[in-house]
Undergrad: 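Dropping a structure here in structure tokens format, bear with me for questions.
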Amino acid sequence: MKHVFLVDGSGFIFRAFHALPPMTRPDGVPVNAVYGFTQMLMKLVADTDADHIAVVFDTARQTFRNDFYPEYKAHRPPPPDDLIPQFALIREAVRAFDLPCVEMDGFEADDLIATYARLAREAGAKVTIVSSDKDLMQLVRDGEVTLFDAMKNKVIGGEEVVEKFGVPPEKVVDVQALAGDPTDNVPGVPGIGVKTAAQLIAEYGDLESLLARAGEIKQPKRRQNLLEHAEAARVSRRLVLLRDDCEVEVPLDTFAVKKPDADKLAAFLKDNGFTSILTRMQAKLADAGEAPPAAAGGTAVPVPAEVTYELIQTVADLERWVEAATAQGFVAVDTETDGLDCHECALVGVSLAIAPGKACYIPLRHVDPDAAPEPESAQGDLLGGVAAKPAQRPQQIDLAEAIARLKPLLESPAVLKIGHNIKYDMHVLAREGVRVDPIDDTIVMSYVLDGTTTGHGMDELAKRHLGHTCISFTDLCGKGKAQITFDRVPLDKACAYAAEDADITLRLHALFRRRLVEEHMMGVYEGLDRPQVRVLADMEAAGVKVDAVELRRLSDDLGARMAELEVQIHALAGETFNPGSPKQLGEILFDKMGLQGGKKSKTGAYSTSADILEQLAAQGHDLPARVLDWRQVQKLKSTYADSLVGQISPRTGRVHTSYSQTVASTGRLSSQDPNLQNIPIRTEEGRKIRRAFVAAEGCKLVSADYSQIELRLVAHVADIAALKRAFHEGQDIHAITASEMFGVPVEGMDPMIRRRAKAINFGIIYGISAFGLAAQLGIDRGEAKAYIDAYFARFPEIRDYMEATKAEAKRQGFVTTFMGRKCYTPGINDRNPNMRAFAERAAINAPIQGGAADIIKTAMRRLPLALTDAGLKTTMLLQVHDELIFEAPVDEAEAAVPVIKRVMQEAATLSVPLDVDAGIADTWAEAH
DNA sequence: AATTTCACG
DNA sequence: GACGTACGTGAAATTA
């Protein structure tokens, strides 16, 4: 016996459950903790030199500790519903690996671990405890016993224990006895935390010595606490001290490692849908020259037999790769560039992957890494001038030649091009004259499958799904000011990095394809999000014309207005200060001037948000009113006027946004650099910004927006008879709502009543609360509550929908749109009621907001073809959630409108009609 | 890097 | 009875 591994099974279950997104088997059983546990065991069994392994579990809640301290761990809530069925499955997992499960009534897993650790040491073996639980740190003995954090891949030795507790492992119990532990109800001594405890133990040696000499402590409060709570400290020590004398029934030597039965393990993995682990195991067995296990089936294996990345510097080599990719019918593609802005940066190289582990890199615009940073000056030495070291351009295929060879492959309709965020590469290659098509995108696949439960960056996905750590960009190029552009990276390193990206993309693709089928998400991917990539790339490339002269003039006006307001603000305040500083403003309003509306935020700062300032202004105070004006002007100037001018492309003279398809939890798009989905409209001043968005010469802008799409979805999804009828009859929906709720006729309705009904309709979409409605309408909560009750009474279906949606979210961790998109609802089973309420409102909103997003995506997918089929040159430029903006030649704008309206209205067939408003004008403000 | 504020749907 | 919220985004400025 040389090395014993003791796995803290119970600790791992909880950590895996909370760290991993919700996952279910095909039959709906939650398995995220089982998955994490299985992955951990897989890794453990593969990587370890251990000759003895056991997995240790807690049993019932009552242990010997409760006999002398009933409160111990008594306040712990029961495990979440989604975790309960996983306990048994995890024991199954352990058995599938042919590992022993150990547990014992009346003792915690930690006590068993302490006992086996002692037995192992006495037998002369090394011990590794697989856990990160601080309560086990007392067992660490350098050279003999270490902890291993399997989730962070970190070894915890004596040094780490000192870092955590300030004392060596032997004294950890004394520190814990003083500091206590609220999560386990260990009382400790009041006013003493880990820091103070460590200091005291360091000074007095141990707990008993300290308690004996407590009278000497200088700080009066601390002395008193130690004297008063000495007994509590002693009890605490007994609670945290692990028993290493359990009378264990299973002898240590039965933990000897056996070779697991591959068939049994494969069956378990298959039963639980862990196909990624299964394929990895199959690959490993195949590598070792063994027959694949029985349950294997014929699934693809994204794990390479070997990894070879080839640097391509000759046309002949490039041709070989192009031929291989063409013959295969699919290829992973990645581009490297000299910047992050996909609309302006230049292509530096291309990588291709055709099989797991088989990839190449084709450098195209690399420069001498040792040359001066500017490529121009690097090339200035051709005449053999003064430089000590002549710039040497690395050997590369001629750019035009390489593009000419790659173009047929990248444009071939018979070859699928797979990329990770391929929209970026499409833009870069488009400027080299290549229109990449058809495409698959692993970032979009990952988003469709896992939503916002994970990031979708390649490094993260490689780690999560393939257990592979990618070369990091910062390792290659550095960071901050010292960062170099990719064209200055030496070719060998560039090849290792770039080829890896293509390789990983290809492997992820194999995995995600299978998951899309198994998890029934292929429809959403193929029907909505994949076609969107091409559509968005074209919209972004088209850009929109912005009148820079007009914006500069506006900026000057706004600047002058700000200066005037600042003078007034300083006069009203009686001093000069920065009105842009919430801190300074808060102090002036609430400390100096003594206005009511005190501290608000969790950081202790005054809130000076618009609603607070509006209240103050309504009470007749001028300063907050002027500050509100100033803020509006400053926002318009900095965020819109000034920054938009700076975002006009020198290349095209237009503004090119980038849409992200993979950030919103509901399936919406988002727009960035610049964000063109939040251009002002609600105020007259703001509309001036929108007037600077203009049509190109000889064109008009056409704007088409869905009318009340979210409320229509509420009526459809929640099946609300009265609302559906009103939409069918084309009625004023807010007026109808008011009429139903308050029993007043629509004719001659008080606008105030309609406004309230409108606010309630919005509230319904957002997962209504009395608090929120009250804040919105400026009424008290009781009144808001009465409105909501009236709404529920009149439209009872809405309540059923809300309850059913919440229950669905709680059961499976996500809700779905009517088109089948999953919207994950993190926090839905959180212990904190606020977190839960928040998640519940988000869950209620998601199918509505997400359903609307699915509808407009469908319309966007169909529109380009519908327009060309109608013989039109009209192009789609922008999407703003329920609105699409087009640029149409003047003489066809009128003809484009009915085509656009028809496609948008027919994008979904619901139990209510979809209605679209459209306008034609020279500027966005007037077209809307 | 986090917080606050505010623009949009 | 207190808590602290309307849903979803991105950008600029201040603060720590």
Undergrad: By the 4.0 Å heavy-atom rule, please label A/S670 as base, sugar-phosphate, or nothing.
TA: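 Touches sugar-phosphate only.
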Undergrad: As a check on the pairing definition, encode DNA chain C in dot-bracket form, counting Watson-Crick and G-U wobble pairs whose two distances are under 3.5 Å, and using | for partners outside this strand.
TA: ......|||||||||.
Undergrad: Using atom C1' in both nucleotides, what's the gap between C/dA2 and B/dC6 to the nearest angstrom?
TA: 30 Å
Undergrad: Considering only the P atoms, how many Å lie between C/dC3 and B/dA7, rounded to the nearest integer?
TA: 30 Å
Undergrad: State, to 0.1 Å, how close A/V444 and A/T662 come at their nearest heavy-atom pair, and which atoms those are.
TA: CA-CG2, 4.1 Å
Undergrad: Using a strict threshold of under 4.0 Å (side-chain N to carboxylate O), is an ion pair present between A/R691 and A/E926?
TA: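 Answer for the salt bridge query: yes.
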Undergrad: Would you mind building the protein contact string for nucleotides 2-9 of chain B? One character per nucleotide, 5' to 3', B for base within reach (heavy atoms under 4.0 Å), S for sugar-phosphate only, - for untouched.
TA: --SSBBBB
Undergrad: Should A/D629 and A/R626 count as an ion pair when the cut-off is N to O under 4.0 Å?
TA: yes
Undergrad: Rounded to whole angstrom, note down the C1' distance from C/dA6 over to B/dA2.
TA: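 Taking atom C1' in both C/dA6 and B/dA2, they lie 24 Å apart.
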Undergrad: Using the heavy-atom set of chain A and a strict 4.0 Å cut-off, write down the first and last nucleotide of DNA chain C that makes it in, 5' to 3'.
TA: C/dC3 to C/dA16
Undergrad: When you measure from the side chain of A/H570 to the backbone of A/F577, do you find a donor-acceptor pair of N or O atoms at a distance under 3.5 Å?
TA: yes
Undergrad: For DNA chain C, whose closest nucleotide is more 5', that of A/A759 or that of A/T452?
TA: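 Mapping each residue to its closest nucleotide by heavy atoms, the 5'-most match is A/A759.
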Undergrad: Side chains of A/S671 and A/Q677: is there a donor and an acceptor less than 3.5 Å apart?
TA: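 No donor-acceptor contact under 3.5 Å links the two side chains.
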Undergrad: Do A/D441 and A/K423 meet the salt-bridge criterion of a basic N to acidic O distance under 4.0 Å?
TA: no
Undergrad: Just by distance, no angles: are the side chains of A/E540 and A/T657 close enough, under 3.5 Å, to form a donor-acceptor pair?
TA: no
Undergrad: Considering only distance and modelled atom types, tabulate donor-acceptor pairs under 3.5 Å from the side chains of residues 782-798 of chain A, sequence neighbours left out.
TA:
{"unit_1": "A/E783", "atom_1": "OE2", "unit_2": "A/Y787", "atom_2": "OH", "d": "3.2"}
{"unit_1": "A/K785", "atom_1": "NZ", "unit_2": "A/D789", "atom_2": "OD2", "d": "3.0"}
{"unit_1": "A/Y787", "atom_1": "OH", "unit_2": "A/R756", "atom_2": "NH1", "d": "2.9"}
{"unit_1": "A/Y791", "atom_1": "OH", "unit_2": "A/N761", "atom_2": "OD1", "d": "3.2"}
{"unit_1": "A/R794", "atom_1": "NE", "unit_2": "A/E740", "atom_2": "OE1", "d": "2.6"}
{"unit_1": "A/R794", "atom_1": "NH2", "unit_2": "A/E740", "atom_2": "OE1", "d": "2.6"}
{"unit_1": "A/E797", "atom_1": "OE2", "unit_2": "A/A721", "atom_2": "N", "d": "3.2"}

Undergrad: What pairs with A/R552 under side-chain contact (heavy atoms from CB on, under 4.5 Å), at least two apart in sequence or on another chain?
TA: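 Per chain and number, A/R552 pairs via side-chain contact (heavy atoms from CB on, under 4.5 Å) with A/A548, A/V645.
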Undergrad: Just to be sure I understand the rule, does A/G763 reach a base, reach only the sugar-phosphate, or reach nothing, if contact means heavy atoms closer than 4.0 Å?
TA: base
Undergrad: Below 4.0 angstrom, which residues in residues 817-839 of chain A have at least one non-hydrogen atom near DNA chain C?
TA: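 Under 4.0 Å from DNA chain C: A/N834, A/F838.
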Undergrad: Whether the A/K637 and A/S555 side chains hold a donor-acceptor pair (N or O, under 3.5 Å, no angle test) is what I'd like checked.
TA: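 Distance-only check passes for A/K637 and A/S555.
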Undergrad: Would you say the side chains of A/R781 and A/S769 form a donor-acceptor pair under 3.5 Å?
TA: no
Undergrad: Is A/Q672 touching bases, backbone alone, or none of the nucleic acid, heavy atoms closer than 4.0 Å?
TA: sugar-phosphate
Undergrad: From A/R862 CZ over to A/E906 CD, what is the distance, rounded to the nearest 0.5 angstrom?
TA: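 Taking CZ in A/R862 and CD in A/E906, the distance rounds to 8.0 Å.
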Undergrad: With a 3.5 Å cut-off and no angle check, do the side chains of A/S658 and A/D673 form a donor-acceptor pair?
TA: no
Undergrad: What's A/A843 touching, base or sugar-phosphate or nothing? Going by heavy atoms closer than 4.0 Å.
TA: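 No contact.
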